[in-house]
Chemist: 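Submitted below is the structure of interest, expressed as structure tokens.
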Amino acid sequence: MLDVESIRKDFPMLNGKTMHDHPLIYLDNGATTLKPQAVIDAVCDYLTHYSGNAHRGDYDLSHEVDERFEDARRLIKDFINAARVEEIVFTSGSTDSLNMIAYGYGLNHLQAGDEILLTVAEHASNTLPWFDVANKVGAIVHYIDLDETGSLTLENVKKAVTEKTKIIAIAEVTNVLGYDAPMKEICNYAHEREIIVVADGAQSVPHQVTDVQASGVDFLAFSGHKMCGPTGVGIMYGKYDLLCETKPTRLGGGSNSRYNSCGVVTLKNPPYKFEAGTPNIEGVIGLGAAVEYLSKIGMDNICAHEKELRQYCIKKMQELDNVEIYNVHSDGAVAFNIKGVFSQDAASLFNTYGIAVRAGQHCAKILDEFLNVSTTLRVSFYFYNTKEEIDQFIEVCKKGDDFLDAFFG
Ligand code: PMP
């Protein structure tokens with residue numbers, strides 16, 4: 001059981017921030033999350049007290065930065081139970097990580113005629129790089145069917161795999177429908193056929209226990225800002241041997257151990273060969289603090305609280321005639337519409353009551369072919385949300401019945 005009231009005190013934005021004179025009710029955690037004071041302090045501490053560069057200096061200040069920077073890497077290694085700390089590569093976020101995997105691994109391993117499997121529920125960041133890589137090498141993108149609820153099943157993975165399948169790139173939890181993919185079963189099946197599994201963890205790692213050794217994923221991408229950390233920092237996890245076979249997509253200072261004027265370059269081993277240039281040091285240190293903070297609360301507790309909130313919200317929404325829900329049974333975000341109200345107009349109505357919800361296609365632009373609606377609203381919870389906030393959200397859903405009155409009245 002979480003002590004949510006005391007947790008909320010850790011978040012400055014939950015203590016005084018208003019929208020339209022209402023206390024902020026933040027239900028857009030799929031987009032980004034609020035930051036606890038511990039993360040803000042860690043970032044400020046670096047900027048205020050030891051803001052040197054990392055891995056470059058031979059003086060105490062620089063060693064202090066190196067130590068904190070590598071501490072963060074170790075914390076993240078433990079957080080996802082990676083086998084080795086060298087498997088944790090700092091990137092600028094999930095999008096960056098997925099691009100590095102597609103161009104660094106995919107482009108160099110795929111051949112004409114090979115098949116890449118995605119689903120229509122993938123985020124643009126786990127779709128567009130694969131389209132481009134497929135075009136470049138003459139590979140083909142196919143989609144694994146979702147079942148009638150929008151969920152990904154092992155059965156449908158089996159139906160989509162052929163002897164030409166080389167990569168399966170899927171979200172562990174999708175960002176609109178929120179279904180949890182059976183990653184371990186998919187990885188077992190894929191590995192028997194020497195297929196590489198790329199997991200988009202942007203919506204899973206922040207919300208549940210992640211164990212890359214148990215699930216067996218070959219690569220995993222996630223973002224710091226969706227798990228209480230700063231923006232502009234994320235992780236590319238890869239099994240060490242695969243990282244050795246992956247080419248860096250950026251080269252520069254810090255990524256090589258030697259080069260000469262003839263252009264002969266010796267790259268460092270992972271993770272450093274991928275981390276050319278001065279990294280986002282305050283971001284990395286902030287992400288380390290976020291992971292410490294989340295670990296103290298406990299990912300199991302976080303997951304259980306969010307499940308309870310979701311069930312409560314769905315039950316309340318189902319009591320309303322004017323709400324259509326598209327993913328009643330999933331574990332993640334709730335995708336819905338207020339009947340007869342354009343999603344962006346509805347989001348503006350929520351805004352006037354201090355409630356932040358997301359409207360649109362949520363960067364999953366081919367999902368509408370499955371849902372048969374062009375846009376949806378989305379509420380997504382985090383461990384600091386409460387049932388009282390959901391009650392207030394439900395009250396505004398009711399007002400959608402008489403939308404114009406509610407908006408202008
Ligand atoms: N994948 C999924 C499933 C996401 O939800 C997001 C963010 N909305 C991304 C990838 C991209 O994350 P970022 O913008 O932090 O790179």
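Quick note: residue numbers are just sequence positions, from 1. Every number for a ligand or one of its atoms is a count from 1 in the order of the listing. Just so you know, these numbers come straight off a predicted model, no measurement behind them.
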Chemist: Output the list of atoms in ligand 1 that are nearer than 4.0 Å to some heavy atom of Q203, sorted by atom number.
Modeler: 3 (C), 4 (C), 5 (O)
Chemist: Quick one: look at H225 and ligand 1, take heavy-atom pairs under 4.0 Å, and tell me if it's side chain, backbone, both or neither.
Modeler: side chain
Chemist: Indicate whether the side chain of H191 and that of D218 have a donor and an acceptor atom separated by less than 3.5 Å.
Modeler: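 On atom types as modelled, these side chains qualify, holding a pair under 3.5 Å.
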Chemist: For N126, state whether at least one heavy atom is located under 4.0 Å from any atom of ligand 1.
Modeler: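 N126 does not count as a contact of ligand 1 under the 4.0 Å cut-off.
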Chemist: Less than 3.5 Å apart, any donor N or O on the side chain of E70 or H55 sitting next to an acceptor on the other?
Modeler: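 H55 and E70 do have a side-chain donor-acceptor pair below 3.5 Å.
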Chemist: Would K226 count as a polar contact of ligand 1, with the cut-off being nitrogen or oxygen pairs under 3.5 Å?
Modeler: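 Looking only at distances, the answer is yes, because the N/O contact criterion of under 3.5 Å is met.
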Chemist: In this structure, is the centre-to-centre distance between the rings of Y237 and F219 below 6.0 Å?
Modeler: no
Chemist: Could you tell me which atoms of ligand 1, counted from 1 in the order shown, lie closer than 4.0 angstrom to a heavy atom of A202?
Modeler: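 Reading through ligand 1 atom by atom, the close ones are 1 (N), 2 (C), 4 (C), 6 (C), 9 (C), 10 (C).
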Chemist: Atoms of ligand 1 less than 4.0 Å from T95 heavy atoms?
Modeler: 11 (C), 12 (O), 13 (P), 14 (O), 16 (O)
Chemist: Is the distance between the ring centroids of F90 and F69 less than 6.0 Å?
Modeler: yes
Chemist: Pairing donors with acceptors under 3.5 angstrom, does anything connect the side chains of T162 and E115?
Modeler: yes
Chemist: Examine R68 relative to Y50 and say whether NZ or CZ is less than 6.0 Å from the centre of the six-membered ring and inside a 45° cone about the ring axis.
Modeler: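 Yes - R68 lies over the ring of Y50, closer than 6.0 Å to its centre and within 45° of its axis.
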Chemist: Does a donor on one side chain and an acceptor on the other come within less than 3.5 Å for N81 and D211?
Modeler: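 Per modelled atom types, N81 and D211 side chains form a pair under 3.5 Å.
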Chemist: Using a plain distance cutoff, I'd like to know if S125 has any nitrogen or oxygen under 3.5 Å from a nitrogen or oxygen of ligand 1.
Modeler: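 No, no N or O pair falls under 3.5 Å.
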Chemist: With a cut-off of 4.0 Å, which atoms of ligand 1 are near a heavy atom of S223?
Modeler: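 That gives atoms 12 (O), 13 (P), 15 (O), 16 (O) of ligand 1.
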Chemist: List ligand 1 atoms under 4.0 Å from N175, heavy atoms only on the residue side.
Modeler: 3 (C), 5 (O)
